[in-house]
S.K.: 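The structure follows.
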2 protein chains.
Amino acid sequence: MPRIGPQERRTEQRREQRQALRERILEVSREIVRREGFASLSMRKLAEAIDYSPAALYLHFKSRGDIARALCVEGHASLRDAFLAHTSIADPAARLNAMGRAYVEFGLAEPETYRLMFMEPAESAQPAAEVHDNGKAQAAEPGAATLSLIADAFVELRAADRLPAHAGPLACAEGLWANLHGIVALKLNRAALPETPAATLVELSLDAWFAPANRTEPRFNASNRPDTSTR
Amino acid sequence: MPRIGPQERRTEQRREQRQALRERILEVSREIVRREGFASLSMRKLAEAIDYSPAALYLHFKSRGDIARALCVEGHASLRDAFLAHTSIADPAARLNAMGRAYVEFGLAEPETYRLMFMEPAESAQPAAEVHDNGKAQAAEPGAATLSLIADAFVELRAADRLPAHAGPLACAEGLWANLHGIVALKLNRAALPETPAATLVELSLDAWFAPANRTEPRFNASNRPDTSTR
DNA sequence: GTCTATAGTGTGATAGAC
DNA sequence: GTCTATCACACTATAGAC
């Protein structure tokens, strides 16, 4: 087992250097995207920032879209972390409330990253192709794990009979997700929604999606609801 | 008054020709965007399609974004028409249902146009600058009139006491809009929502947003609800 | 006045020398 | 593994023919 000759050691070193440069590229890319958006991440600018020629980048990423894909995966991991911080909340409705807020906060705090993750024309990043690991094809959809955290909460609501009869838990999860995404997306493009602050919309949306069966119980909205009530 | 010399007539003719060419540019652009998306609408391709040089386009539109803006306005008019077809529905909830469906159908039927209208990075099209007409500045937001149609219905619901007390009509309208937009946006980018069909999500969303106070009454969903019930 | 032709600068990606 | 040089294409802006 400990049969490692000098040659193996050298190739090992090479691999580490290679990995380090790849990491460095990713690091600089992440920062550029965060500050200026993916659209202004050019291979030339990136190459200059890491002091290599543009062609060197293609040794580590097969295309600009490939870099986008990697940053997407990072972003999804970050979002998922924000969700995991609330999994300990026992009440599914309260948990959904916390996660919903976290989702929108993430989107508004990192608009360019969010845009890359969810608002890009699909060609750029999303596909993620098929990633083979240990010989087994992995999920091509990095956001699926995150969605399942929302879906879980709806399953619990369903089990507690706090969901309308005709509403499937998964469908509810996707519906709520669409709602939250819509809030973030419209805010980011400042195309619309000029009147109502995002926090109010989030409250309303969360109310709309799982409050109906919950309405007779005491609500938990006393804590941090913004004072902007209507407009 | 009828003092129109040959010179005036000639300049009149010029103006008509000018307007006609502008219309033609818009026409071809609209079709290219509809089929291939705004991203692949290049000035060169456009110029070739109308048999002029690229520079000629800049005589009629000051930039590519200017064309985008014009197409956006067209799109908003088209969407608004789809909405106006349902204004005759008396019951505000039923009207919202019809309009919500129409909105999503529009987005899914004309994905590229929808993307240009609502999913573009703001710089491209949305601003619409300030359009002066008759010396008065007009609304810079072409979608505002459409939103107001939704808001109106919520105002009626409010007046009929079919809305939760804490929910402002305008906020509800924006929330529902965000929800519908989220459904379309996620579907278009195939980034997510792979499981649930859009029609089901729309039903669920409309239920979520104004069914609570409506739930005791007979629903109107018997007509055209899709048979895919849950997943 | 209207348009052609072209210059100048940017992009992603690649071939081939070292 | 890295670089230089280059291709093909996009956009804007403008000099000058008609």
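Just so it is clear, the structure is predicted and the values come from calculations on it, not from any experiment. Lettering follows sequence order; numbering is per chain, from 1.
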S.K.: Filter on side chain to side chain donor-acceptor pair (under 3.5 Å), then keep only pairs touching residues 12-30 of chain A, sequence neighbours left out; what's left?
M.R.: A/Arg30-A/Glu74
S.K.: Please list, chain by chain and in numerical order, all residues satisfying side chain to side chain contact (heavy atoms under 4.5 Å, CB included) with B/Leu59, sequence neighbours excluded.
M.R.: none
S.K.: Rounding to a whole Å, what distance do you find between B/His60:NE2 and C/dT2:C1'?
M.R.: 9 Å
S.K.: Nucleotide by nucleotide, 5' to 3', does protein get under 4.0 Å of the base (B), only the sugar-phosphate (S), or neither (-) in nucleotides 4-15 of chain C, counting heavy atoms?
M.R.: BB-----BBBBB
S.K.: Name all residues meeting the ring-ring contact (aromatic ring centres under 6.0 Å, His included) criterion together with A/Tyr114; count only those two or more places apart in sequence or in a different chain, and write none if there are none.
M.R.: A/Tyr103, A/Phe118, A/His181
S.K.: Take the protein atom CD of B/Glu16 and the nucleotide atom P of C/dT2, then report the distance between them rounded to whole Å.
M.R.: 15 Å
S.K.: D/dA10 P sits how many Å from B/Glu48 CD, rounded?
M.R.: 10 Å
S.K.: Could you list the donor-acceptor pairs under 3.5 angstrom formed by side chains in residues 144-153 of chain A, with sequence neighbours left out?
M.R.:
unit_1   : atom_1 : unit_2   : atom_2 : d
A/Ser148 : OG     : A/Ala145 : O      : 2.7

S.K.: Enumerate the side chain to side chain donor-acceptor pair (under 3.5 Å) contacts for residues 37-46 of chain A, please, sequence neighbours excluded, ordered by first and then second residue.
M.R.: A/Glu36-A/Ser40, A/Glu36-A/Lys45
S.K.: Output the rounded distance in Å from CZ (A/Arg14) to P (D/dG1).
M.R.: 7 Å
S.K.: Short of 4.0 Å, heavy atom to strand atom, which residues of residues 27-34 of chain B count as contacting DNA chain D?
M.R.: none
S.K.: Could you list the residues that satisfy side chain to side chain contact (heavy atoms under 4.5 Å, CB included) with A/Pro111, not counting sequence neighbours?
M.R.: A/Leu188
S.K.: For B/Ser53, give me all partners under side chain to side chain contact (heavy atoms under 4.5 Å, CB included), at least two apart in sequence or on another chain.
M.R.: B/Ala55, B/Ala56
S.K.: For A/Ile50 and D/dG1, give me the distance from atom CD1 to atom P, rounded to whole Å.
M.R.: 14 Å
S.K.: So does B/Thr196 get a backbone contact from the side chain of A/Glu174, meaning a donor-acceptor N/O pair under 3.5 Å?
M.R.: yes
